[in-house]
Amino acid sequence: MPELPEVQTTLAGISPYLVGQKIKGVTVRVPKLRWPIPHNLAALLKDATIASIARRAKYLLFSTQKGTLIVHLGMSGRLQILKAFVPTEKHDHVDITLKNGTVMRYTDPRRFGAFLWTVNHPLSHPLLKALGPEPLQKSFNGQYLWQRATSKKISVKVFIMDSKVVVGVGNIYAAESLFDAKINPNRPAQSLSLDDCARLCVSIKKVLRAAIKKGGTTLKDFLGSDGSKGYFSLKLKVYGRGNLPCVTCFEALTESRLGQRSTAYCQHCQV
DNA sequence: AGTGCGGCCTGTCCGC
DNA sequence: TGCGGACAGGCCGCAC
């Protein structure tokens, strides 16, 4: 499931093949994603040149002179670059074909992803305008997090997964970051000290950077944008390891649910 | 305003 | 072997 590191990896994987290229045509086979793909997307993109591709949170922004294509990979979405003909399979919903013959193919079994179009500045789009800071930028720091946590009764795990607080921290990385910072995920956000918040910020940045470096944590749904099998070996310390021994103290990890999400942590190490 | 949760989907795994 | 149900998950949007 693409989290921020996977989206970043996808961006890096597809950019060299797409930026500066002119679009020959777009085929939409299944328009029913999280929201319907605009019915005229093919007409909008035909003959457009992809000037640049950027990432904001988990959204990919394809800029053209006509407007911006906003893509979200949802839970199971994947973008691949095809340099030769490959027959479509069941969940291949969109092809964007370039004049040079290269195809960017979107595959998404669960169809939680999105293809949207805007002629305005993409960051002013309703889905993007209220987003919190990027986790890797300097303004995301202990002071900021501590201020935002004031009077917040929700658990710190749910808090850091709120995209209005900080973007790109999904369930896996929230659990891993809290373990790294030695903070119990059940603690109310407002109970965190400034020092806790500073440690947590450092841990979030550390965990995300490590994952980006490894090319993203790769679960079964993800393939690299070049189509190669991408089982990267990022070792998760708590996520999915309920009842297994803590890597630090060897006590059994606790697994519970927080905000309808499975949460694993060490009751001994995380205070 | 802050919080909690339903819904969107399909593949996989479990128990009967 | 087949089948129903639980579960996984990002994130919007609604209800309290």
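Stacking between A/F112 and C/dC11 is absent: the ring centroid is not both under 5.5 Å from the six-membered base ring centre and under 30° in plane angle.
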Evaluate the ring-ring contact (aromatic ring centres under 6.0 Å, His included) criterion for residues A/F179 and A/Y265: first the C-alpha distance (whole Å), next the side-chain angles of each, then the deciding distance (0.1 Å), finally the verdict. CA-CA 7 Å; A/F179 177 78; A/Y265 64 101; over 10 Å; no
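Atom-to-atom, CG of A/L73 to C1' of B/dC9 comes out at 16 Å; the value is rounded to the nearest Å. Whole-Å rounding puts the A/K164 NZ to C/dC11 P distance at 12 Å. The CZ-P distance, from A/R257 to C/dA6, rounds to 12 Å in whole Å. The interatomic distance linking A/Y173 (OH) with C/dC11 (C1') rounds to 18 Å, in whole Å. Regarding A/R110, its CZ atom lies at a distance of 15 Å from the C1' atom of B/dG7, rounded to whole Å. Nucleotide B/dC9 holds its P atom 12 Å from the OH atom of A/Y106, rounded to whole Å. Remark: P of B/dT10 and CG of A/D92 are 15 Å apart, rounded to the nearest angstrom. Put simply, CG on A/D108 is 11 Å from P on B/dC9, counting in whole angstrom units.
Distances shorter than 4.0 Å separate none of the side-chain N or O atoms of A/R111 from OP1 or OP2 on B/dG7. For C/dC11, the OP1/OP2 oxygens have a side-chain nitrogen or oxygen of A/H72 closer than 4.0 Å. Distances shown here put a side-chain N or O of A/R261 below 4.0 Å from the OP1 or OP2 atom of C/dG10. Close to C/dC11, at under 4.0 Å from its OP1 or OP2, lies a side-chain N or O of A/K58. Checking the phosphate oxygens (OP1, OP2) of B/dC8, no side-chain nitrogen or oxygen of A/K32 falls inside 4.0 Å.
No donor-acceptor distance shorter than 3.5 angstrom exists from the side chain of A/E251 to the backbone of A/P245, with no hydrogens or angles considered. Between the A/R29 side chain and the A/T88 main chain, no donor and acceptor come within less than 3.5 Å of each other. A/T150 contributes a side-chain N or O that, together with a main-chain N or O of A/Q147, makes up a donor-acceptor pair within less than 3.5 Å.
Between A/K164 and A/Y144 the shortest heavy-atom distance is O-OH, 3.9 Å.
Using a 4.0 Å heavy-atom cutoff across all strands shown, A/K90 reaches sugar-phosphate atoms only and no base atom.
Taking the side chain as every heavy atom from C-beta outward, A/H125 and A/L116 approach each other to under 4.5 Å. Side-chain contact check for A/L4 versus A/Y173: every heavy-atom pair is 4.5 Å or farther apart.
Partner A/H93 forms a side-chain contact (heavy atoms from CB on, under 4.5 Å) with one of A/T107, A/T27, A/L33 and no other, that one being A/L33.
A donor atom on one side chain and an acceptor atom on the other are found under 3.5 Å apart for A/N171 and A/K157. A/D195 and A/S193 share no donor-acceptor pair across their side chains, judged by distance under 3.5 Å alone.
Of the candidates B/dG4, B/dG2, B/dT10, B/dG4 carries the atom nearest the A/I154 side chain, counting heavy atoms from C-beta on.
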Please write out each protein N/O paired with an N/O of nucleotides 12-16 of chain C under 3.5 Å, distance rounded to 0.1 Å.
unit_1: C/dC12; atom_1: OP1; unit_2: A/Y59; atom_2: OH; d: 3.1
unit_1: C/dC12; atom_1: O4'; unit_2: A/R34; atom_2: NH1; d: 3.2
unit_1: C/dC12; atom_1: O4'; unit_2: A/R34; atom_2: NH2; d: 3.3

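The C1' atoms of five pairs define one axis at each end of the helix from B/dG2-C/dC16 to B/dC16-C/dG2, and these two axes lie 60° apart (to 10°).
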